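Take a look at the structure set out below.
Everything numeric here is computed off the predicted structure, so don't read it as measured data.
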Amino acid sequence: QRKEAEAEAAREAVLNKTMLGALGEGVYGIDMNGLCTFVNPAAMKMLEMSEEELIGRPQHELFHYQHPDGLPYDRSECPIFNTLKDGQIRQADDYFITGSKNFLPVKLTVSPVNINDRQVGAVVVFRDTSRLKSYQRSLRIMAESNVQPGEDMLSFLVKNLAQSQGKCCAFIASVDE
(Lines give C-alpha, C1' and ligand atoms only; values in the text may rest on other atoms or scores of the structure.)
Protein backbone atom coordinates (compact mmCIF):
# COMPACT_ATOMS: atom_id res chain seq x y z
CA GLN A 1 0.00 0.00 0.00
CA ARG A 2 2.91 2.36 0.71
CA LYS A 3 4.36 1.72 -2.76
CA GLU A 4 0.98 2.54 -4.31
CA ALA A 5 0.84 5.83 -2.38
CA GLU A 6 4.39 6.71 -3.47
CA ALA A 7 3.55 5.87 -7.09
CA GLU A 8 0.40 8.01 -6.91
CA ALA A 9 2.37 10.91 -5.41
CA ALA A 10 4.96 10.59 -8.19
CA ARG A 11 2.21 10.59 -10.87
CA GLU A 12 0.65 13.66 -9.27
CA ALA A 13 4.00 15.46 -9.20
CA VAL A 14 4.54 14.70 -12.90
CA LEU A 15 1.02 15.90 -13.72
CA ASN A 16 1.52 19.14 -11.75
CA LYS A 17 4.87 19.80 -13.45
CA THR A 18 3.33 19.09 -16.87
CA MET A 19 0.44 21.48 -16.25
CA LEU A 20 2.76 24.24 -15.01
CA GLY A 21 4.95 23.73 -18.07
CA ALA A 22 1.98 24.08 -20.41
CA LEU A 23 0.95 27.50 -19.11
CA GLY A 24 1.87 30.57 -21.13
CA GLU A 25 1.94 32.72 -18.02
CA GLY A 26 4.84 32.81 -15.60
CA VAL A 27 4.22 31.01 -12.32
CA TYR A 28 6.50 30.68 -9.31
CA GLY A 29 6.09 29.91 -5.66
CA ILE A 30 7.80 31.32 -2.61
CA ASP A 31 8.01 30.23 1.01
CA MET A 32 7.36 32.53 3.96
CA ASN A 33 10.93 33.87 3.70
CA GLY A 34 10.46 34.87 0.06
CA LEU A 35 12.66 32.05 -1.27
CA CYS A 36 11.61 30.63 -4.62
CA THR A 37 10.28 27.05 -4.23
CA PHE A 38 9.24 26.30 -7.82
CA VAL A 39 9.15 28.04 -11.19
CA ASN A 40 7.62 27.15 -14.54
CA PRO A 41 9.33 27.39 -17.97
CA ALA A 42 7.36 30.49 -19.02
CA ALA A 43 8.58 32.38 -15.94
CA MET A 44 12.17 31.32 -16.56
CA LYS A 45 11.94 32.46 -20.19
CA MET A 46 10.45 35.87 -19.34
CA LEU A 47 12.88 36.43 -16.47
CA GLU A 48 15.83 35.16 -18.54
CA MET A 49 16.92 33.02 -15.59
CA SER A 50 17.38 29.30 -15.08
CA GLU A 51 15.76 27.10 -12.48
CA GLU A 52 19.14 26.83 -10.74
CA GLU A 53 19.38 30.63 -10.51
CA LEU A 54 15.91 30.89 -8.96
CA ILE A 55 15.15 27.91 -6.71
CA GLY A 56 16.05 28.51 -3.07
CA ARG A 57 16.95 32.14 -3.76
CA PRO A 58 15.15 35.32 -2.60
CA GLN A 59 12.94 36.46 -5.47
CA HIS A 60 12.78 40.06 -4.26
CA GLU A 61 16.56 40.46 -4.36
CA LEU A 62 16.83 38.60 -7.68
CA PHE A 63 14.29 40.39 -9.85
CA HIS A 64 12.08 42.72 -7.83
CA TYR A 65 14.52 44.96 -5.96
CA GLN A 66 14.29 48.22 -7.93
CA HIS A 67 11.72 50.49 -9.55
CA PRO A 68 12.26 51.53 -13.20
CA ASP A 69 13.17 55.04 -11.97
CA GLY A 70 16.17 53.54 -10.15
CA LEU A 71 14.78 53.81 -6.62
CA PRO A 72 15.00 50.72 -4.42
CA TYR A 73 11.82 48.64 -4.16
CA ASP A 74 11.29 48.29 -0.43
CA ARG A 75 9.65 45.05 0.72
CA SER A 76 7.02 47.06 2.59
CA GLU A 77 5.72 48.31 -0.80
CA CYS A 78 5.90 44.90 -2.48
CA PRO A 79 2.50 43.25 -3.13
CA ILE A 80 4.16 39.82 -2.92
CA PHE A 81 5.60 40.42 0.54
CA ASN A 82 2.39 42.08 1.67
CA THR A 83 0.53 38.86 0.78
CA LEU A 84 3.07 36.90 2.79
CA LYS A 85 2.34 39.21 5.73
CA ASP A 86 -1.46 39.28 5.63
CA GLY A 87 -2.59 36.39 3.40
CA GLN A 88 -4.61 38.60 1.07
CA ILE A 89 -4.82 37.99 -2.69
CA ARG A 90 -3.45 40.93 -4.67
CA GLN A 91 -3.23 42.00 -8.31
CA ALA A 92 -0.80 44.64 -9.50
CA ASP A 93 0.84 46.20 -12.52
CA ASP A 94 4.51 45.97 -11.70
CA TYR A 95 8.00 45.39 -13.10
CA PHE A 96 10.45 42.52 -12.77
CA ILE A 97 14.13 42.82 -13.64
CA THR A 98 15.32 40.24 -16.16
CA GLY A 99 18.64 38.41 -16.20
CA SER A 100 19.83 40.94 -18.79
CA LYS A 101 18.91 43.77 -16.35
CA ASN A 102 15.97 45.04 -18.41
CA PHE A 103 12.70 46.03 -16.78
CA LEU A 104 9.85 43.72 -17.75
CA PRO A 105 6.37 45.21 -17.22
CA VAL A 106 4.07 42.57 -15.75
CA LYS A 107 0.52 42.11 -14.56
CA LEU A 108 0.74 39.87 -11.51
CA THR A 109 -1.58 38.08 -9.15
CA VAL A 110 -0.20 36.84 -5.85
CA SER A 111 -2.16 34.39 -3.73
CA PRO A 112 -1.36 32.83 -0.37
CA VAL A 113 -0.64 29.09 -0.17
CA ASN A 114 -2.21 27.46 2.87
CA ILE A 115 -1.77 23.94 4.21
CA ASN A 116 -3.99 22.83 7.09
CA ASP A 117 -5.21 26.43 7.62
CA ARG A 118 -1.64 27.70 7.97
CA GLN A 119 -0.01 29.96 5.39
CA VAL A 120 3.21 28.38 4.11
CA GLY A 121 3.99 30.74 1.24
CA ALA A 122 2.52 32.31 -1.87
CA VAL A 123 2.18 31.66 -5.58
CA VAL A 124 2.73 34.42 -8.13
CA VAL A 125 1.20 34.30 -11.61
CA PHE A 126 2.38 36.96 -14.05
CA ARG A 127 2.28 37.91 -17.70
CA ASP A 128 4.42 40.16 -19.82
CA THR A 129 2.59 43.41 -20.58
CA SER A 130 5.34 45.08 -22.61
CA ARG A 131 3.34 44.89 -25.84
CA LEU A 132 0.31 46.41 -24.14
CA LYS A 133 2.48 49.19 -22.66
CA SER A 134 3.89 49.88 -26.13
CA TYR A 135 0.40 50.19 -27.62
CA GLN A 136 -0.65 52.46 -24.76
CA ARG A 137 2.36 54.70 -25.46
CA SER A 138 1.38 54.77 -29.14
CA LEU A 139 -2.16 55.81 -28.35
CA ARG A 140 -0.92 58.48 -25.93
CA ILE A 141 1.40 59.89 -28.63
CA MET A 142 -1.44 59.93 -31.11
CA ALA A 143 -3.82 61.57 -28.64
CA GLU A 144 -1.27 64.29 -27.90
CA SER A 145 -0.52 64.91 -31.57
CA ASN A 146 -2.43 67.10 -33.94
CA VAL A 147 -3.59 66.15 -37.40
CA GLN A 148 -2.10 68.56 -39.94
CA PRO A 149 -4.54 70.60 -42.02
CA GLY A 150 -5.54 68.62 -45.08
CA GLU A 151 -4.19 65.36 -43.64
CA ASP A 152 -6.47 62.35 -43.68
CA MET A 153 -7.13 61.02 -40.14
CA LEU A 154 -6.49 57.40 -41.18
CA SER A 155 -3.14 58.33 -42.74
CA PHE A 156 -2.25 60.28 -39.62
CA LEU A 157 -3.05 57.32 -37.35
CA VAL A 158 -1.15 54.80 -39.49
CA LYS A 159 1.91 57.07 -39.76
CA ASN A 160 2.01 57.75 -36.02
CA LEU A 161 1.42 54.12 -35.11
CA ALA A 162 4.29 53.05 -37.38
CA GLN A 163 6.61 55.70 -35.89
CA SER A 164 5.70 54.81 -32.32
CA GLN A 165 6.58 51.17 -33.03
CA GLY A 166 9.96 52.15 -34.46
CA LYS A 167 8.92 51.52 -38.08
CA CYS A 168 9.50 53.92 -40.92
CA CYS A 169 6.21 53.24 -42.65
CA ALA A 170 3.06 51.16 -42.69
CA PHE A 171 0.19 50.66 -45.07
CA ILE A 172 -3.43 49.64 -44.97
CA ALA A 173 -5.01 47.87 -47.88
CA SER A 174 -8.63 47.35 -48.76
CA VAL A 175 -9.65 44.22 -50.57
CA ASP A 176 -12.98 44.05 -52.33
CA GLU A 177 -14.74 40.72 -52.22
**Study point:** Counterpart residues, salt bridge (charged side-chain N to carboxylate O under 4.0 Å, His left out), relative to R75 (two or more places apart)
**Key:** E61
If you round to the nearest 0.5 Å, how far is [atom2] of [Y] from [atom1] of [X]?
X	Y	atom1	atom2	value
D128	L47	CG	CG	10.0 Å
C36	Q59	SG	CD	8.0 Å
M32	T37	CE	OG1	12.0 Å
M49	L62	CE	CG	5.5 Å

Report all side-chain donor-acceptor pairs from residues 109-120 shorter than 3.5 Å, counting only partners two or more places apart or in another chain.
unit_1: N114; atom_1: OD1; unit_2: Q119; atom_2: N; d: 3.3
unit_1: Q119; atom_1: NE2; unit_2: T83; atom_2: O; d: 3.2
unit_1: Q119; atom_1: NE2; unit_2: G121; atom_2: O; d: 3.2

Check your understanding: Linking Ile, Leu, Val, Met, Phe, Trp and Tyr by side-chain heavy atoms under 4.5 Å, what else ends up with Y73?
Key -> none
**Study point:** Under 4.5 Å side-chain linkage, directly or through intermediates, the cluster mates of L35
**Key:** none
Check your understanding: Stepwise, does the side chain to side chain contact (heavy atoms under 4.5 Å, CB included) test hold for I80 with H64?
Key -> CA-CA 10 Å; I80 298 163; H64 206 213; 4.0 Å; yes
Review point. With N82, which residues qualify under side-chain contact (heavy atoms from CB on, under 4.5 Å), at least two apart?
Key: K85, R90
Flag side-chain contact, heavy atom, 4.5 Å: [X] against [Y]:
X	Y	value
E51	L54	no
L104	F63	no
H60	F81	yes
F126	M46	yes
I30	Y28	yes

Check your understanding: Looking only at heavy atoms, which two atoms of N40 and A43 are closest? And how far apart?
Key -> OD1-N, 3.0 Å
Review point. Does anything in residues 97-122 pair up under ring-ring contact (aromatic ring centres under 6.0 Å, His included), and if so which pairs, sequence neighbours excluded?
Key: none
Review point. Aromatic ring centroids of Y95 and H67 under 6.0 Å?
Key: no
